[in-house]
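Sequence lines set the chain letters: A, B, ... in the order given, protein chains first and strands last, and positions in each chain run from 1. Atom set for the values below is all heavy atoms of this structure, side chains included, hydrogens, waters and symmetry mates excluded.
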Protein chains: 2
Amino acid sequence: MNLSSVGEGEDSGARYSTEGGQRSRSSDALRAAQMYYLQDLTMNAIARELRTSRSTVSRLLSMARDTGLVEIQVNNPRHRAPSLENEIRRRFGVEAHVVPVSEMVSDSEVLDRVAIQAARTIGPLVDSDAIVGVAWGSTLSAVSQHLSKKVTHDSTIVQLNGAGNTQTTGIAYASEILRRFGQAYGARVEQFPVPAFFDHAETKTAMWAERSVIRILELQQRMTMAIFGVGSTNSGIPSHVYSGGYLDDADLRALTAERVVGDVATMFFRADGSHRDLRINQRSTGPDLDLLRQVPRRICVVSGESKISGLCGALAAGLPTDLILDEASARWLVQSEGL
Amino acid sequence: MNLSSVGEGEDSGARYSTEGGQRSRSSDALRAAQMYYLQDLTMNAIARELRTSRSTVSRLLSMARDTGLVEIQVNNPRHRAPSLENEIRRRFGVEAHVVPVSEMVSDSEVLDRVAIQAARTIGPLVDSDAIVGVAWGSTLSAVSQHLSKKVTHDSTIVQLNGAGNTQTTGIAYASEILRRFGQAYGARVEQFPVPAFFDHAETKTAMWAERSVIRILELQQRMTMAIFGVGSTNSGIPSHVYSGGYLDDADLRALTAERVVGDVATMFFRADGSHRDLRINQRSTGPDLDLLRQVPRRICVVSGESKISGLCGALAAGLPTDLILDEASARWLVQSEGL
DNA sequence: AATGCTGATGCACAGACGTGCACGAATGAG
DNA sequence: CTCATTCGTGCACGTCTGTGCATCAGCATT
């Protein structure tokens, strides 16, 4: 569970260096994983064969899972009855991953469970040489805490939009998310050290001509995957962007007047998906939505019914290709027949 | 564990038909699997959400595993130290899967554990539209008992060589192996109802012109995968072929005189892999080794050091592309530097 | 209607499992 | 050398999990 306890490179093990018997901690983990998951031995039996204690085997196994040595996948047979997934695919043209959650659990638990499953769903999709754009926000923060390791080469995590606001540079918050992604996949991390919104559109124009910024923008153009949540304006609980000091009162009034329903990576849109004529987007540092739509795989993580109106806008705009959301929201989405 | 208890098609469940709540046993299994393996809930928590008992959840999960709903794979990072796998690949040009087994366990347990791991290794390799050739013998029998289900379409299991001998038609034995493969992958099963060896080569020639036989031979020519063990002559424990009434004394003497070291699917070969001039092969119903070598994926399962000399011959003949064997045998193989 | 059969269920128990804790071996700094 | 730190280990405890058993609902047969 505790990623930081997992040795980064080879065995820094104290014990193994002298034992000579060619055994490293990670090779023991591999043997244990094979015996446990492939041969169905008990941990006790494995402990005897490895001449160690059962608890060590337990720890070896959890390390094997955390480091991606063991991969567990749940296949969803599509050819089954008209499931929520199928219905969403038919209606919105996105691949849905519905997280089963009974309606009795709290919102924060829903978020947590969606995040865990999102992390496990994303894992297998990240390959070597990938360029993964990552947004920030409470959803992504939760997801980032549950990523498990996977070995990739020459992959890059790039920040989708600036995180600074009038109070902080936002670095501590957004970069922590990015860092976790980078660590999980052994990827380079490219931060985007700009505020979420400029005060003046001209500043953005100027900055967008700076080479340090251009480097990030070019990376974004070559993204193979993008991971983001959605913001929703009319939600009871306003999401991070709407309450964190990023927007002033005038901005918020403008959003309402323009019938904005939500945002992805601080780029706003209306319920019909339109966004080009929104003034505020000219000051936002998020990726142009036309650019975003060119990314081959665009994964949207949504937890909680408060985000449905924003999600509908994102779907209307054709932003996600894959959608990970909790069951209750999925039902809502399907039942919002009107749209 | 008990494959026969797993419902074949949809839910024949008695309870669900009346419950109306859109829930089938298999959809419950999917939800349970997602919650258990993707969200890390305990079975108790899952039981509460599904409004059932914990033991039912336990059974749902084991069903989900058996039916291939959940797949667990152990990735072997090749870039590691000079492992046995790497050494075998380098020396013999085959992909090795070494089954970790300490030296203290009995031969029969080794066989069992190799068989379990072989079954799990083979599973992911069988796809739709595959034509899988399967031999018979004690090794394959053990493997067949541990296959877990996987949904495929239009795949075929074809028997590699006849199983009849002077005492029985061999059908009960070989067909049971085939049947298990067929059931696991939802595949058609094509038996090969001929003896393992004809008494006279002319009979084989005649039979090989029969359309019923030609149909099988044509299937064999289109195999996409072949799965077999090896027989070994000089082993302490003679394998099935050498003791089951398939060969008479004269045959056995001839094998010794010709310096035969083993067989694959009742086609014999010497230590150097040569086989064409062996008289007995003209009466064997196994696939010509040149034909076998044309199959894209050829998986050889070996358990026990007694089979090493036979295995060496098979490797010299270039028969397997993939080799699943126990660790002790793997060490022996690597240490037999002389060859 | 009565009967037997199949298969899912819950209970209860034994065994398997995860984890906080204290200990000791290796490592590095002073 | 000595001390502090780090990290892997085994123990012990409480929880979690697999499974034999008895039960019961549905279905088919007599």
Side-chain angles (χ1 to χ4, degrees), chain A residues 1-21 23-33 35-67 70 72 116 146 148, chain B residues 1-21 23-33 35-67 70 72 116 146 148:
Chain A
M1 296 301 155
N2 174 344
L3 274 180
S4 64
S5 77
V6 174
E8 172 65 0
E10 288 308 87
D11 51 305
S12 57
R15 190 100 160 241
Y16 293 106
S17 51
T18 59
E19 195 152 337
R23 288 171 51 190
S24 69
R25 185 164 170 81
S26 57
S27 80
D28 271 3
L30 176 62
R31 290 174 67 95
M35 294 196 251
Y36 190 78
Y37 290 107
L38 263 27
Q39 302 178 20
D40 282 342
L41 297 191
T42 72
M43 296 187 181
N44 246 325
I46 297 170
R48 276 197 301 275
E49 298 209 4
L50 294 185
R51 299 174 197 288
T52 180
S53 75
R54 193 188 53 71
S55 40
T56 297
V57 174
S58 171
R59 282 184 265 257
L60 285 174
L61 289 174
S62 86
M63 169 184 148
R65 286 187 297 265
D66 287 342
T67 55
V70 172
I72 301 182
I116 297 180
H146 296 287
S148 59
Chain B
M1 298 303 154
N2 173 343
L3 273 182
S4 64
S5 77
V6 174
E8 173 65 0
E10 288 307 87
D11 50 305
S12 58
R15 191 99 161 239
Y16 292 107
S17 50
T18 59
E19 195 153 338
R23 289 170 51 190
S24 69
R25 186 165 170 80
S26 57
S27 79
D28 271 2
L30 177 61
R31 288 174 69 94
M35 295 197 252
Y36 191 79
Y37 290 107
L38 263 27
Q39 302 178 19
D40 283 342
L41 298 190
T42 72
M43 294 187 183
N44 246 325
I46 297 170
R48 276 197 302 276
E49 298 209 5
L50 295 186
R51 299 175 195 289
T52 181
S53 73
R54 192 189 53 70
S55 41
T56 297
V57 174
S58 171
R59 281 184 267 255
L60 284 173
L61 289 173
S62 89
M63 169 185 147
R65 287 187 297 265
D66 286 343
T67 55
V70 172
I72 301 180
I116 297 180
H146 296 288
S148 60

Checklist entry - Roughly how far, to the nearest 0.5 Å, is the CD1 atom of A:Ile46 from the CZ atom of A:Arg51? => result 15.0 Å
Item to check | CG on A:Leu60 to CZ on A:Arg65, rounded to 0.5 Å | outcome: 11.0 Å
Item to check | Interatomic spacing from CZ in A:Arg48 to CE in A:Met43 - rounded to 0.5 Å | outcome: 14.0 Å
Next on the checklist: Could you tell me how far apart A:Asp66 (CG) and C:dT19 (P) are, to the nearest whole angstrom?
Outcome noted: 10 Å
Checklist outcome for this item: Separation of C:dG10 atom P from B:Leu60 atom CG, nearest Å, is 10 Å
Item to check | Distance below 4.0 Å between B:Thr52 side-chain N/O and C:dG10 OP1 or OP2 | outcome: yes
Checklist entry - Rounded to the nearest 0.5 Å, how far apart are CG of A:Asn44 and OG of A:Ser58? => result 11.5 Å
Checklist entry - Can you tell me how far C1' of D:dG18 sits from CE of B:Met63, to the nearest Å? => result 17 Å
Checklist entry - Nearest-Å distance, CD1 (B:Ile46) to P (C:dT9)? => result 15 Å
Checklist entry - Quick one: side-chain contact (heavy atoms from CB on, under 4.5 Å) partners of B:Ile116, sequence neighbours excluded? => result B:Arg120, B:His146
Checklist entry - Reading nucleotides 13-18 of chain C 5' to 3', which nucleotides get B (base under 4.0 Å from a protein heavy atom), which S (sugar-phosphate only), which -? => result ---SBB
Item to check | Approximate separation, where rounding is to 0.5 Å, of B:Leu61 CG and B:Tyr37 OH | outcome: 5.5 Å
